[in-house]
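Structure first, then comments.
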There are 2 protein chains.
Amino acid sequence: MSVPLYQAKAELFRTLGHPARIRVLELLQGGPKPVRELLAAIDVEASNLSQQLAVLRRAGMVTSYRDGPLVMYSLSTPDVADLLAAGRRILGAVLTDRDALLDELRAGGTGPAPDAATSTGLDGSRAGQSR
Amino acid sequence: MSVPLYQAKAELFRTLGHPARIRVLELLQGGPKPVRELLAAIDVEASNLSQQLAVLRRAGMVTSYRDGPLVMYSLSTPDVADLLAAGRRILGAVLTDRDALLDELRAGGTGPAPDAATSTGLDGSRAGQSR
DNA sequence: TGAGCATTTGAAGAATTCCGCAAGTGGTAA
DNA sequence: TTACCACTTGCGGAATTCTTCAAATGCTCA
């Protein structure tokens, strides 16, 4: 009963682990929108967007209904916005931490000493590729 | 400059998209802990845990340092706790929404009408396994 | 110095996820 | 009815992620 809890949480977050899906949720924060509009704003193929929407639907984060000729999507709960906001905050915190460390290193790190398992997480070389 | 932003956000969330990693972060909310302890609490192989820790490290969510014979890990920013809390809230919201719908269906849904693209996200068959 | 614990790293295969194309489905309007 | 949008689904292949085993690496303590 509590083991699959972590599984559920992980699935929840993994649902957000895709740029297009994040984009969709952010756009939907402004209210319900038809697929057309999402499609116009996001730059992915229609079928791909549809699949991402299906993922969000299955996760219960959005709901859809038909309005005349178009299908509208909306956030199923405003809490989603909180999650995105929290994400933004962390991203900020983590990034500035990195920058701070980076600056520190640049300054000539005689302080923390780069030995131990000080793992900074910075790496400098990971814009677009591979593992 | 803003296109990779969604990419970064997605990566952040994807980092949380694994049960063991979630578990680690939750455990670390109680303060720094040695790998030993995490290992004892999580039930995954040592090497696997180590890899998950590496993922968290690379993402900048945790930091590690050595204390005598053990390596200690801790949250790199308390904001992480917020994220987890937000996740919990959503999970709650989403799940109760599902249950509500489920009840509604069971009651004999003559109301909302199961036509259209009413996508409930429920599925009934996904308790503990798969992936 | 040498044994031994605590962790990490590498590698390879299995399992998932992602992506675009082709083929539906459903509703609207001629 | 037919033609046509607006979307969704099915499918195969490419790319990632996960998992486990074997082999380091780093310390600490006899």
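Below, chain A is the first sequence line, B the second, and so on; all start at residue 1.
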Task: Rounded interatomic separation in angstrom, taking NE2 from A/H18 and P from C/dT17 - done: 12 Å
- [ ] Rounded to the nearest angstrom, tell me the gap between atom CG in A/D67 and atom C1' in C/dG26.
- [x] 15 Å
Open item on the list: Expressed as a whole number of angstroms, how long is the span from B/Y65:OH to C/dT8:P?
Closed with: 14 Å
Task: d(CG, B/L49; C1', D/dC18) in whole Å - done: 14 Å
Task: B/R36 side chain, from C-beta outward: closest of D/dA6, C/dT7, C/dC19 - done: C/dT7
Open item on the list: Whole angstroms only, please: what is the CZ-C1' distance between B/R21 and D/dC18?
Closed with: 9 Å
Task: Any B/Y73 side-chain nitrogen or oxygen under 4.0 Å from OP1 or OP2 of C/dA6 - done: no
- [ ] Return yes if the base of D/dT17 and the side-chain atoms of B/Q52 contain a donor-acceptor N/O pair under 3.5 Å, otherwise no.
- [x] no
Task: Per A/V35 side chain, nearest of listed nucleotides C/dT7, D/dT19, D/dC7 - done: D/dC7
TODO: Check whether any side-chain N or O of A/T15 sits under 3.5 Å from a backbone N or O of A/E11 as a donor-acceptor pair, and report yes or no.
DONE: yes
Task: Full working for side-chain contact (heavy atoms from CB on, under 4.5 Å) between B/F13 and A/I22 - done: CA-CA 10 Å; B/F13 285 117; A/I22 292 272; 3.4 Å; yes
TODO: Have a look at B/N48 and say if it touches a base, only the backbone sugar-phosphate, or nothing, with a 4.0 Å heavy-atom cut-off.
DONE: base
Task: Carboxylate-amine/guanidinium proximity below 4.0 Å for A/E26 and A/R88 - done: yes
TODO: Among D/dT19, C/dT8, D/dT20, find the nucleotide with the atom closest to the side chain of B/V71.
DONE: C/dT8
Open item on the list: Could you check whether the side chain of A/S47 and the base of D/dC7 have a donor-acceptor pair of N or O atoms closer than 3.5 Å, going by distance alone?
Closed with: no
Task: Spacing between B/R66 atom CZ and C/dC5 atom C1', to the nearest angstrom - done: 10 Å
Open item on the list: If you compare every side-chain N and O of B/S50 against the phosphate oxygens of C/dT8 (OP1, OP2), does one of them come in below 4.0 Å?
Closed with: yes
Task: Toward the 5' end of DNA chain D, by each residue's nearest nucleotide, A/Q51 or A/L70 - done: A/L70
Open item on the list: Just the rounded figure in Å: distance from P of D/dT17 to CD of A/E11.
Closed with: 17 Å
TODO: Drop me the distance from A/L84's CG to A/L28's CG, to the nearest 0.5 angstrom.
DONE: 10.0 Å
Open item on the list: Looking at A/S76 and A/G60, would you say the former's side chain and the latter's main chain have a donor-acceptor pair under 3.5 Å?
Closed with: yes
Task: Nearest-nucleotide 5' precedence on DNA chain C, B/E37 against A/V44 - done: B/E37
Task: Atom-pair distance (CG on A/L39; P on D/dC5), nearest Å - done: 15 Å
